[in-house]
Protein chains: 2
Amino acid sequence: MDKKYTIKDIAQMAGVSKGTVDRVLHNRGKVSPAALEKINEVLNVIDYEPNLIARNLKSTKVYRICVLLPDPVFDPYWLPCVNGIQDAIKEFKAYNVNIEIHYFNPESTKSFLKTNEAIVAQSPDAVLLTPLFHKETIEIIKQYDELGIMVNTFNNQVESSSIKSFVGQDLYKSGRVAASLMNLILPKGQIAIIHIDESLKNAVHMQEKERGFRSYFDEKNLSDFSLTTLKLKYSNIETKLPAFINENPGLSGIFITTSKAYQIASTLSNITDEKIVLIGYDLIDKNVSFLNQGLIHFLIHQNQKRQAYLGVSTLVEHFLFRKDIPETILLPIDIINVENASFYIS
Amino acid sequence: MDKKYTIKDIAQMAGVSKGTVDRVLHNRGKVSPAALEKINEVLNVIDYEPNLIARNLKSTKVYRICVLLPDPVFDPYWLPCVNGIQDAIKEFKAYNVNIEIHYFNPESTKSFLKTNEAIVAQSPDAVLLTPLFHKETIEIIKQYDELGIMVNTFNNQVESSSIKSFVGQDLYKSGRVAASLMNLILPKGQIAIIHIDESLKNAVHMQEKERGFRSYFDEKNLSDFSLTTLKLKYSNIETKLPAFINENPGLSGIFITTSKAYQIASTLSNITDEKIVLIGYDLIDKNVSFLNQGLIHFLIHQNQKRQAYLGVSTLVEHFLFRKDIPETILLPIDIINVENASFYIS
DNA sequence: CATAAAAATGTGCTCGAACACACATTTTTT
DNA sequence: AAAAAATGTGTGTTCGAGCACATTTTTATG
C-alpha cells in the first residue's frame with residue numbers, strides 16, 4: 001500500500017492533465033470548481049508525497065547561506081564550528097546550495113559590523129549568526145529582516161522576533177550539571193566560580209551558568225558550602241589568581257564558566273600542590289590535556305561542531321525539502337571526564 | 001572554481017558524445033584509445049562529481065533492507081531502536097528504499113532463526129542484525145553471505161569476516177567510565193558488580209563491562225576497595241539480593257552491567273535505608289524514575305536509538321550514494337545523572 | 001450574434017545520469 | 001569477394017516536478 005504516486009498518476013485518476021494537478025497542488029493559476037473537486041477527491045484517497053529528488057533536480061535556484069563566525073585564529077573555541085559547517089557543505093554539495101563562512105574578530109564590534117555588511121551586500125537567502133555582541137546584533141537583525149533574509153542563531157541566545165531559530169545549550173541547566181558533579185566530589189568546602197573574559201561579550205552566557213550553578217546548591221540548602229564569584233581577565237590571571245588562593249586557603253573547588261579552564265589549571269599547578277577540583281567547559285586541546293593529567297576533573301561539552309552543523313542543516317533542509325525550522329534546538333549537556341573524552345573529540 | 005560539470009560538459013570539452021563519456025566513466029562498452037585519452041585529459045583537469053540527485057531519479061532499482069530486532073514487547077530496552085529505524089525510514093522515504101523491521105523473541109533462539117528464515121526468503125539487499133545469539137548468528141551470517149546479502153550488526157559485536165559493519169559502544173571503556181564515576185563518589189569500600197540476565201545471551205556484553213570496570217581499579221592500585229561479582233536472574237533478585245546485602249554489610253556501591261538497574265534499586269529501597277551508590281545502563285523509563293528519586297546515581301547511555309539509526313543509514317547511503325561503510329562506529333559513552341538526563345530522552 | 005477578453009486546461013520542455021538502441025565503420029570469417 | 005561479426009560512436013528516451021507557453025473553453029460586451 002506504500003506505492004508512490006506521481007502527479008501524472010493523479011492527473012490520470014482525476015481525468016485532467018498534470019498541469020491542472022500542479023495548479024491545485026501549488027495554488028497557482030485558476031482552476032474550475034469541478035476540476036478542483038475531482039482532484040481533491042483523488043488526493044483524499046491516496047497519499048501523495050512529491051518526489052523531492054525530482055523537485056531538486058529541476059530547480060535551478062541556488063540557495064545561498066552565509067555563516068557569520070568568530071575567526072578561530074583569535075579563539076580556538078570556534079574551530080569545531082568550522083568543521084561542523086564543512087560537514088554540512090560536504091553533505092549538501094550535490095544540491096543547489098552555496099554555503100559560505102565569513103569570519104570576524106571576536107574582540108571587535110567593528111569587525112562584526114563590517115563582516116555583516118559584506119554579507120548583506122551579497123544578499124543571501126539566509127544567515128547563520130553567532131550573535132556575540134548583543135546591541136549590534138539587534139541592529140543587524142533589523143537590517144536582515146527588512147531585506148527578507150532569514151536569520152538563524154547559534155551558541156548565544158538573543159531575543160528577537162525576527163530570529164527564526166536558535167541552536168545551543170541550556171546554560172542554566174549546564175551550570176546545574178557542573179554543580180551536581182562538584183557536589184559529588186566535594187561534600188563540603190569553599191567553591192569559586194570564575195569568569196574569564198576580556199570584553200564581557202559573553203556576560204549573559206557566564207551569568208546563566210553561574211545562576212544554574214548556584215541554584216543547585218541553594219536548593220540543596222547545603223550550608224557546608226560557600227560560593228564565591230571571581231572575575232578574571234586573561235591578562236591578570238597570573239597575578240590575581242595566586243592572590244585569591246592565598247586569601248582563601250580553604251578553597252577546594254573551582255567552576256570555570258568559559259572554555260579557559262586550562263589557564264586556571266596551568267596557573268594553579270605552578271602555585272600549589274593542593275588538590276583543587278576543576279570543572280570547566282569545552283574539549284579544546286589544552287583542556288583535554290589537563291583533563292588527562294588529572295588537573296581538570298570534568299568538562300562540559302558544548303558541542304559547537306554540532307551546533308554549527310545543525311544551524312546550517314536545518315536551513316538547507318528548510319529550503320530544499322521545506323522542512324520546518326524548530327524555534328530552539330537544545331543540545332544535550334555532555335559530561336566528560338578522562339575516561340570518555342576520546343569519544344567526543346572529532 | 002566550484003562549478004559543477006555535467007557529462008554533457010565533458011562530452012563537449014572532449015569533442016565526443018555524452019554516450020562515449022558515459023562509457024568511459026562506467027567502463028562499459030568499448031572506447032577507442034583516442035577518445036579515451038581525450039576524455040581522461042578533460043577529467044584530469046576538471047573535478048567531475050556525478051549529480052546524485054539525477055542518478056537516483058533515474059534508477060528504478062528499489063533497495064530492500066531488513067532489520068532483525070528483538071521485540072520490544074519482551075524487553076523495553078529495544079524500544080528506542082524502533083524509533084531510530086523509523087527516523088531513517090522517514091528520512092529516506094523519498095528514495096527507492098524499502099526498510100522493514102522483523103521482530104523476534106529475545107528469549108528464544110528458535111524465534112531468532114525463524115525470523116531470519118523469513119528475511120532470507122525475501123532476499124533483501126542488506127540486513128541489519130542484532131546478533132543476540134552467538135552460535136546461531138554465525139550460522140545465519142554464512143547463509144546471508146552465500147546469498148550475497150550484506151550484513152551489518154549493531155549493539156552486540158560478533159567476529160566474522162562476512163560482517164561489513166558494526167555500530168555500538170566500546171563496552172570495556174564504558175565499564176571504565178562507570179568505575180571512574182564510582183571512584184569519584186566512593187573513596188573506598190566494597191563494591192559489587194551485578195549481572196542480571198536470564199539466558200546469558202548477553203554474557204560477552206556483561207563480561208566486557210566488568211573487565212573494564214575492574215581494570216580501572218586495578219590500575220589505580222586502590223587497595224581500599226574490594227570488588228565482588230554477583231550473578232542474578234530476574235526471578236531470584238528478591239531473595240538473593242537481600243541475602244547478599246546481609247552477608248556484606250559494608251557494601252557501598254553496585255555496578256549493574258545491564259539495563260535492569262531499576263530492579264536492584266527497587267529491591268534495595270525495600271530492604272535498607274543505607275545509601276548504596278548505584279550505577280547502571282540505559283535511559284529506560286524505570287531507570288530514569290529511580291535516577292530522579294536519587295536512588296540511582298549515574299546511568300550510562302548506550303543510545304540504542306542512534307545505533308539503530310546509524311546501522312540503517314550507513315546502508316542506505318552506501319546503496320544510494322555509494323558511500324563507504326565504516327567497519328566500526330563507536331558511539332560516545334554518555335554519562336547521565338539527574339541533571340542532564342532530560343536532554344537525552346527522546 | 002459576433003468578437004474580444006478572460007478563464008481554464010493541456011502540452012511540452014528542462015534538469016543530469018543512465019542506458020538501450022541504432023547506425024557506421026572496421027575486422028574477421030567462410 | 002561477400003557475408004558475418006566485432007567494435008566504436010552518437011542519438012534519444014526515461015525518471016518526476018515545475019513551469020512557460022499554447023490551446024481550448026467560457027464569459028462578457030457592444
Between D/dA17 atom C1' and A/E49 atom CD, what is the distance in whole Å? 14 Å

Counting only side-chain N and O atoms of A/T20, is one of them less than 4.0 Å from OP1 or OP2 of C/dA8? no

Calculate the interatomic distance between B/L36 atom CG and D/dG8 atom P; express it in whole Å. 11 Å

Phosphate oxygens OP1/OP2 of C/dA17: is one of them under 4.0 Å from a side-chain N or O of B/Y5? no

Round to a whole Å and report the spacing from CD of A/Q12 to P of D/dG16. 13 Å

Counting side-chain heavy atoms from C-beta on, which of D/dT9, C/dG16, C/dA17 comes nearest to A/L57? C/dG16

A/T6 backbone acceptor or donor facing A/D9 side chain under 3.5 Å: yes

Could you tell me the separation between the CG atom of B/N56 and the C1' atom of D/dT14, rounded to a whole number of Å? 15 Å

Rounded to whole Å, please give me the gap between CD1 in B/I39 and P in D/dG8. 13 Å

How long is the gap from OG on A/S17 to NZ on A/K8, to the nearest 0.5 Å? 12.5 Å

Ignoring backbone atoms, test whether A/R28 places a side-chain nitrogen or oxygen under 4.0 Å from the OP1 or OP2 oxygen of D/dC19. yes

Grab the CG-C1' distance between B/D22 and D/dT11 for me, whole Å please. 13 Å

If an axis is fit to five pairs at each end of the helix from C/dC1-D/dG30 to C/dT30-D/dA1, what is the angle between the two, to the nearest 10°? 60°

Answer with base, sugar-phosphate or nothing: what part of the nucleic acid does B/N51 contact at a heavy-atom distance below 4.0 Å? sugar-phosphate

Roughly, in whole Å, what's the span from NZ in B/K61 to C1' in D/dT14? 19 Å

Could you measure the distance from the CG atom of A/L43 to the CG atom of A/N40? Nearest 0.5 Å is fine. 6.0 Å

In whole angstrom, what separates A/F321's CZ from D/dG18's P? 13 Å

Test: B/K61 cationic atom under 6.0 Å from B/Y63 six-membered ring centre, within 45° of axis: yes

CG (B/L147) and NZ (B/K142) are apart, to the nearest 0.5 Å, by 12.5 Å

Taking atom types as they are modelled, is there a donor-acceptor pair under 3.5 Å from the base of C/dG16 to the side chain of A/K58? no

Say you draw a straight line from OG of B/S165 to CD1 of B/I329; how long is it, rounded to the nearest 0.5 Å? 5.5 Å

Within the distance-only criterion (no hydrogens, no angle test), does the side chain of A/Q304 pair as donor or acceptor with the backbone N or O of A/P80 below 3.5 angstrom? no

Donor-acceptor pair present, B/K18 side chain and D/dG12 base, under 3.5 Å: yes

At under 4.0 Å, does any side-chain N or O of A/Y95 touch on OP1 or OP2 of C/dG16? no

Phosphate OP1/OP2 of C/dC19 contacted by B/H26 side-chain N/O (<4.0 Å): no

The side chain of B/T6 lies closest to which of these nucleotides: C/dG16, C/dT9, D/dC19? C/dG16

On DNA chain D, more 5' by nearest nucleotide between B/K30 and A/P50 is B/K30

Any donor-acceptor pair under 3.5 Å joining the side chain of A/R23 to the base of D/dG18? no

Among D/dA17, C/dA18, D/dG10, the nucleotide that comes nearest once only the side chain of A/A54 is considered: D/dA17

Taking it one step at a time, do A/S162 and A/D145 satisfy side-chain hydrogen bond (donor to acceptor under 3.5 Å, both in side chains)? CA-CA 6 Å; A/S162 303; A/D145 200 36; 3.2 Å; yes

